[in-house]
Protein chains: 2
Amino acid sequence: MKNAYNLKDFGLKATVPRLKILELFESGEAQHLSAEDVYRQLVSEGIDVGFATVYRVLTQFELAGVLQRQYFDSNKAIFEINRGEHHDHIVCLDCGAVEEFNDEEIERLQVNAARRRQFELSDHSLCLYAHCRKQNCIHLTSDAKQGAKKFEDSDEQT
Amino acid sequence: MKNAYNLKDFGLKATVPRLKILELFESGEAQHLSAEDVYRQLVSEGIDVGFATVYRVLTQFELAGVLQRQYFDSNKAIFEINRGEHHDHIVCLDCGAVEEFNDEEIERLQVNAARRRQFELSDHSLCLYAHCRKQNCIHLTSDAKQGAKKFEDSDEQT
DNA sequence: CTTGTTGCAAATATTTTGCACCCAT
DNA sequence: ATGGGTGCAAAATATTTGCAACAAG
């Protein structure tokens, strides 16, 4: 597991915007950020940065493998740090909370599904859209929360 | 399996743009189209349509359940017809070919993965990015095609 | 110093909205 | 006829690019 990245390793100069953006993702405070989220965060820290720089840095970091770009069923890119461990996402449709998970069995079946169709799997993106059962979940439809109760005691294991 | 949709069932008037767009998707000629693809197609058929109408119709069809909107790892929406059968996608990273597939086992594991994390699964999007082994695949990296050979005789089944 | 990097503004790309005119019912 | 639907243009949203000024090495 990669814990810290060094800009120099990628031939990138250690500038304020880069260091701050890297710090933002490595700190783990926020895990899934849009370019605008990053921009706002830097501005709120009193850093004079432009949108263009944020986008350029995010793209450089993605190319360097420091960040990963995702699209959670929208036309807006979401970035997260690459800690070297693959994972998929589960997003709460009500409160927007994002959790990461990894299921070895699903991973394995994907490789097979691809092979069976004459494809060599290179990568994949899996995002589960669901209703969480957190107390503080700002659910829009109360049905969702009530419906969730049905599953409370029927937890299956693989 | 739904074979044909009737606009009137959704309270939508049978206008030229709507009928042509529906026909385009139902014909099955092209399965995964962006708004621009649809626009270009209509224009090439000599239909005087505007971009706004295309977007409005696509959105109406999505709300009616006629079409499904997807984002294949880009900031551009891709639409496809909803034939009532859920499926996931596998996209060739070289030639861009899109194939649909469905794996019951993966589907089942997703529900469990969500439950185990206290989520009630509502929907999901799974897209496999891979290298196909079609003869006519316009591969950008010959490595990809050579690498694929490794798997030619090692096809596993679930 | 020298070259990469930045902020700003303008340009692109994708999608949405306002509005007057038009056509399916 | 009339209310929904359309095309066009402008706006909104997301991202990229040109460029002169600037700062890291």
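Below, chains carry the letters A, B, ... as their sequence lines are ordered, and counting in each starts from 1.
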### Message
Apply side chain to side chain contact (heavy atoms under 4.5 Å, CB included) to residues His124(A) and Asp88(A) and explain how you reach the verdict.
### Response
CA-CA 9 Å; His124(A) 74 264; Asp88(A) 295 309; 3.1 Å; yes
### Query
Between Glu104(B) and Arg108(B), is the closest basic N to carboxylate O distance under 4.0 Å?
no
### Message
So, applying side-chain hydrogen bond (donor to acceptor under 3.5 Å, both in side chains) with Glu100(A), which one of His32(A), His86(A), Arg83(A) is it?
### Response
His32(A)
### Message
Using five pairs at each end of the helix from dC1(C)-dG25(D) to dT25(C)-dA1(D) to define an axis, what is the angle between those two axes, to 10°?
### Response
30°
## Note on the structure
Rounded to whole Å, OH of Tyr39(A) lies from C1' of dC8(C) at a distance of 10 Å
### Task
To the nearest 0.5 Å, tell me how far Leu24(B) CG sits from Glu45(B) CD.
7.0 Å
### Reported OG1-to-CZ distance for the pair Thr59(B) and Phe79(B), which is rounded to 0.5 angstrom
5.5 Å
### Query
What is the distance from NZ of Lys20(A) to C1' of dT5(C), rounded to the nearest Å?
18 Å
### Message
What is the separation between atom CZ on Phe61(A) and atom C1' on dT5(C), rounded to the nearest whole Å?
### Response
12 Å
#### Entry: Value rounded to 0.5 Å, distance of CD in Glu107(A) from CD1 in Ile106(B)
9.5 Å
### Value in whole Å for how far the P atom of dT25(C) lies from CZ of Phe10(B)
15 Å
#### Entry: side chain to side chain contact (heavy atoms under 4.5 Å, CB included) evaluation trace for Gln110(A) with Leu126(A)
CA-CA 10 Å; Gln110(A) 286 176 2; Leu126(A) 168 62; 4.3 Å; yes
### Query
Do Asp123(B) side-chain atoms and Tyr129(A) backbone N/O form a donor-acceptor pair below 3.5 Å?
no
#### Entry: Heavy-atom donor-acceptor pair, Asn112(A) side chain to Leu109(A) backbone, under 3.5 Å
no
### Task
Could you run through nucleotides 20-25 of chain D and give me one letter per nucleotide, 5' to 3': B if any protein heavy atom sits under 4.0 Å from the base, S if only the sugar-phosphate is that close, - if neither?
----BS
#### Entry: Mutual orientation of the aromatic rings belonging to Tyr5(A) and Phe10(A) [parallel < 30°, tilted 30-60°, perpendicular > 60°]
tilted
### Task
Indicate for each nucleotide in nucleotides 10-16 of chain D, in 5' to 3' sequence, whether protein heavy atoms under 4.0 Å reach the base (B), only the sugar-phosphate (S), or nothing (-).
----SBB
### Query
Over how many whole Å does the gap from Leu19(B) atom CG to dG5(D) atom C1' extend?
13 Å
### Query
Starting at CG of Asp48(B) and ending at C1' of dC22(C), how long is that distance when rounded to a whole Å?
12 Å
#### Entry: Interatomic distance where CG belongs to Asn6(B) and P belongs to dT25(C) [whole Å]
10 Å
### Task
Look up atom NZ in Lys76(A) and atom CG in Asn75(B), then write down how far apart they are to the nearest 0.5 Å.
12.5 Å
